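Okay, structure first, notes after.
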Amino acid sequence: MLFCRLLPTVFLLLSASVLTPSLSAVAAEGAEIRQTAPPGQPAASLAPVQADAPPAGSHVDSGAFLTAVVATHKGDDLDAARAFRAAAAADPTNQDLLKQAFIRSVLAGDPEAVDLAHRNASLPGGQSIISSLVLGNDAAMRGDWTAASRFYQQAGADPMAHLIMPLLQAWCQQAQNHADDAIASLTHIQGSVLVPFYTLHAAMIAQTAGQTARAGDLFMQAAKLMPGYDLLLTRSLAAWLWSQGQQDKARALVRSLIQSDPVLGLAGAELQATISHYPVSSAQGGIARAYVLTAFLLRQQGRQQGRGTVRPGPTDHQFDEASRLMLGFALGLDPHLAEARLMLAEIQEDEGHQSAARETLLRVPQTDPLYPVVSFRLALVDGATGHQDEARAILTRLVKETPGQALAVRALGNTLSAQKDWKGAITAYNQAVALATASKTLDWSLLFLRAVAYHEAGDWPHAKADLQQGLKLAPDEPLLLNFLGYSMVERKENLGEAEALLRRAVELDPQDAAIRDSFGWVRVEQGDLAGGTALLEKAAEQTPEDPEVNYHLGEAYWRAGRKTEAVDQWNVALGLHPEPTDEALIRAALARAAAEGLHKPTQQDAPQAESGSAQSRGKHTP
C-alpha cells in the first residue's frame, strides 16, 4: 500500500532532486546575476512567433501547415522547419509562414536558415534581430569578419543582444588581428552585470592572441570578480597556470571546482586529464560561448520573473524559446559544445520533449571532458521516460568509472527501485549512504529512499531505523512522519506513537490527501470512528480515484454499521486497479460482505494473477 501512496514523491526524489544544482548552471556555475537586462521585455523580440492557425485569407497548404504545427508542439524543429517551408512555398507572399520556417530552421540548426534569413531580410520590414545574428554567424563561419561585425551591429538594438554585443564585436576584432582594441573595448566597460564575463572573454582573447602574461592578469582579475566557481573561467585559468609550470595550483583549482558541484564531480577525472587544454582557442569558439552565456541569462531572467509579481511581459515559455535560439546559434558555431547541449536538453525536458532532449544529448562526443555529466543526464531522461534498462546500463557504467561519487550511486539505486529490484537498490543505497556519511553530506531524502527499498523488501526493522535517523536530520519533514506513522499503523505497532507522528504530519502539510488518509485511518484503528471517518471522507474527496483511500473509507463505514456504503466504496476501490496487497484486502472485505448477504460475488471478485513484489505497498511508501 505504501509504495503507491508515496509514488509521486518518490518519483521526484528519484529524478529531479539528484540534479541539484541544475545542470544548466554548468554554463555559468558561479554567476549570481540579479538583473540580466535593463527593465523591459528583452526576450520578446527573440522569442519565436507561435503558429496555431493559418493566417486568415491565405492560400496556405493546410496539410503542410498542420504538419508544421504538430511538429512544433512535439519539439521536432527540423520537421517543423521543413513543413513550414513547404507551406510557405504554396503561398510565397505570406511573410508569417516564411518567418516560422526561418525560426524553426534556426532552432533546428538547419543550414537553410541562412538562405531564409536573406529572404526575410529582403522583404519590406523583414530585417530582424534574429536574421542579423544568423547572417553574422554565417559570415563568422566563412571567415568574413568584417561582414560578421556589420551584421552583429544591426542586432544591437535589442536589450539582450545589446548586453552581448561587446563580446561579439570583440571577437570579430580579435579575428582581424586587433586583439588590443578588443581587450580595451571589454575592459573599459563599467557598471554592467556582465563585467566579470567581459573580463573573462578579454582574457581568452589575450590568450588566443598569444599575449600570455596579459591573459594571466585578466584571468586572475575575472576570478576575483566571479562570485563562485565558473566552469569556463576555471578551465581557462587552470590551463594558463599549467602553461606557466604551476601544475599543483592548476590541479587544486580544478579540484575545488569539482568538489563544489557533485554533478561536475562526475567528470572530475576527465577535467583533470584535459587540464592543459584551453576550452576556447578561436574567435568562433568565443562567440559560441557568448551565446551560451546569453541563453543562461535569459533562462535565469525567466525564472526570476516567474517567481516575482505577475506583470505584463514575456512568459517563461518565451524566455525558454529565446534561450533555445541562443543555444541554436552556439551549436551552429560549435555543434558539439557540451554546455550548450546540456542546457538545451534541460529546456526540452521542461517543455515535455524528452525524445528531443535525448537526441540532443546523444550528439555530444565521448571525447568531451563533460561526457560523464552528459551520460548522467541521459540516464535521468531514460529513467523518466520508462527506459529503465537503458538508464540502468548507463548508471552502472558511471558508478564503475566514477568511484567515490555518491550522485551516480544514488541515481543507480533510484533506477533499481523503479524496477523494483529492492535487493540491488539497497546495495546501491548502502554505498551512497556510506559515501555521503564520509563526506558529511548525508541528508534525510537518501535515508528515506533506502527505507523504501528496505520496506518493499520486507525488512521493516531496517526501514524503521532509517526513518528514525531521517527524522533526527529533518524532524519536521511530513514525508518521513507519514511513512513511519502509517507503516506502524499497518503493523498495529504502538498506535499512540503512530497517531502522534501522523498528527504532526497533518499539522505540517494539512492539504496532503495521503497524510490526511493516514491520520484518519489511525483514528479509525483506535476506535474514533466519527473523527476518522470525517478525515477519510475528506481524503476521498481530494483523491476519488485512490483505491487505498476508498478501501479505508469502506472499512470505516463497515465498522460504523454503514455496510451498504462500505460495499460501494470497496467496489469502487477494486475497479481502480489497486496494488496486489491492497487488492487482497479489498477482496477479503467483499468476501466478508458476501458472507453476510450484502454483496453478490461477480467475476470481478475472482482473484487476479498477482504481479510485482508480494511486499508491494500503497502510496504511503516512496
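Keep in mind that this is a model prediction, so the values were computed, not measured.
How far NE2 of His178 is from CD1 of Ile183: 13.0 Å, rounded to the nearest 0.5 Å. Note: Glu339 CD to Asp334 CG = 9.0 Å, rounded to the nearest 0.5 Å. Here Leu237 contributes atom CG and Gln207 contributes atom CD; the two are 11.0 Å apart, rounded to the nearest 0.5 Å. To the nearest 0.5 Å, atoms CG (Asp230) and CG (Leu257) are separated by 8.5 Å. To the nearest 0.5 angstrom, Arg341 atom CZ is 11.0 Å from Asp368 atom CG. Taken from CG in Leu168 to CZ in Phe151, the straight-line distance is 14.0 Å, to the nearest 0.5 Å.
His201 places none of its side-chain heavy atoms less than 4.5 Å from the side chain of Val280. With contacts defined as side-chain heavy-atom distances shorter than 4.5 Å, the pair His118/Leu135 qualifies. Two residues are said to be in side-chain contact when any heavy atoms from C-beta on lie closer than 4.5 Å; Leu398 and Gln405 fail this criterion. For the pair Arg235/Thr274, a side-chain contact is recorded, criterion being any heavy-atom separation below 4.5 Å from C-beta on. When side chains are defined from C-beta on, Ser236 counts as touching Pro279, because their heavy atoms get closer than 4.5 Å. Between Arg299 and Glu346, the closest side-chain pair of non-hydrogen atoms falls below 4.5 Å. Side-chain contact between Arg377 and Glu349 is present, with at least one heavy-atom pair separated by less than 4.5 Å. Leu344 has its side chain out of reach of Leu361: every pair of non-hydrogen atoms, C-beta onward, lies at least 4.5 Å apart.
Judged by distance alone, with hydrogens and angles left aside, the side-chain atoms of Gln176 form a donor-acceptor pair with the main-chain N or O of Cys172 at under 3.5 Å. Trp145 places no side-chain N or O within donor-acceptor distance of the main-chain N or O of Gln173, the cut-off being under 3.5 Å. Using a distance-only test at 3.5 Å, with no hydrogens or angles considered, a donor-acceptor pair links the side chain of Ser323 to the main chain of Ala295. Looking at Asn137, its side chain does come within 3.5 Å of a backbone N or O of Leu133 through a donor-acceptor pair. Glu390 places no side-chain N or O within donor-acceptor distance of the main-chain N or O of Asp382, the cut-off being under 3.5 Å. With hydrogens and angles disregarded, no donor-acceptor distance shorter than 3.5 Å links the side chain of Ser149 to the backbone of Thr146. Looking at Ser243, its side chain does come within 3.5 Å of a backbone N or O of Trp240 through a donor-acceptor pair. Here the side chain of His188 pairs a donor or acceptor atom with the backbone of Ala184 at under 3.5 angstrom. A distance-only check finds no donor-acceptor pair linking the side chain of Glu270 to the backbone of Tyr371 [under 3.5 Å].
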* Could you go step by step and tell me if Phe376 and Leu395 meet the side-chain contact (heavy atoms from CB on, under 4.5 Å) rule? -> CA-CA 7 Å; Phe376 179 71; Leu395 291 169; 4.0 Å; yes
* Would Asp144 and Arg150 count as a salt bridge (charged side-chain N to carboxylate O under 4.0 Å, His left out) if you check the C-alpha gap in whole Å, the side-chain angles of each, and the deciding distance to 0.1 Å? -> CA-CA 10 Å; Asp144 187 349; Arg150 184 176 68 254; over 6 Å; no
* Asked: Is there a side chain to side chain donor-acceptor pair (under 3.5 Å) between Gln354 and Gln348 once you walk through the steps?
  -> CA-CA 7 Å; Gln354 281 82 5; Gln348 290 168 326; over 6 Å; no
* Before giving the answer on side-chain contact (heavy atoms from CB on, under 4.5 Å), spell out for Gln284 and Trp171 the whole-Å C-alpha distance, their side-chain angles and the decisive distance to 0.1 Å. => CA-CA 8 Å; Gln284 189 170 317; Trp171 280 108; over 6 Å; no
* To do: Kindly indicate, with the supporting measurements, whether the criterion side-chain contact (heavy atoms from CB on, under 4.5 Å) is fulfilled by Met226 and Leu200.
  => CA-CA 9 Å; Met226 289 283 186; Leu200 169 58; 4.2 Å; yes
* To do: Take Tyr152 and Gln169 through the test side chain to side chain donor-acceptor pair (under 3.5 Å) and record every step on the way to the result.
  => CA-CA 7 Å; Tyr152 288 147; Gln169 294 292 2; over 6 Å; no
* Take Thr212 and Gln244, measure what side-chain contact (heavy atoms from CB on, under 4.5 Å) needs, and give me the verdict at the end. => CA-CA 9 Å; Thr212 305; Gln244 300 303 300; 3.2 Å; yes
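The residues Glu112 and Arg82 are annotated as not salt-bridged, no charged nitrogen and carboxylate oxygen being separated by less than 4.0 angstrom. Between Asp320 and Arg324 there is no salt bridge, since no side-chain N of the basic residue sits under 4.0 Å from a carboxylate O of the acidic one.
Scanning both residues, Leu186 and Ile205, for their nearest heavy atoms gives CD1-CD1, 3.9 Å. Contact between Ala330 and Val292 at its shortest, heavy atoms only, is CB-CG2, 3.8 Å. Taking every heavy atom of both residues into account, Ala148 and Ala139 meet most closely at N-CB, 3.5 Å. The shortest heavy-atom contact between Ile394 and Ala379 is CG2-CB, 3.8 Å. For the residue pair Ala222 and Pro196, the shortest heavy atom distance occurs at CB-O, 4.1 Å. Residues Leu218 and Thr187 come closest through the heavy atom pair CD2-CG2, 3.9 Å.
With a 6.0 Å radius and a threshold of 12 heavy atoms from other residues, nucleotides or ligands, Arg363 has its CZ atom at or below the threshold.
Between Phe329 and Tyr291, the ring planes lie tilted relative to each other; the angle falls in the 30° to 60° range.
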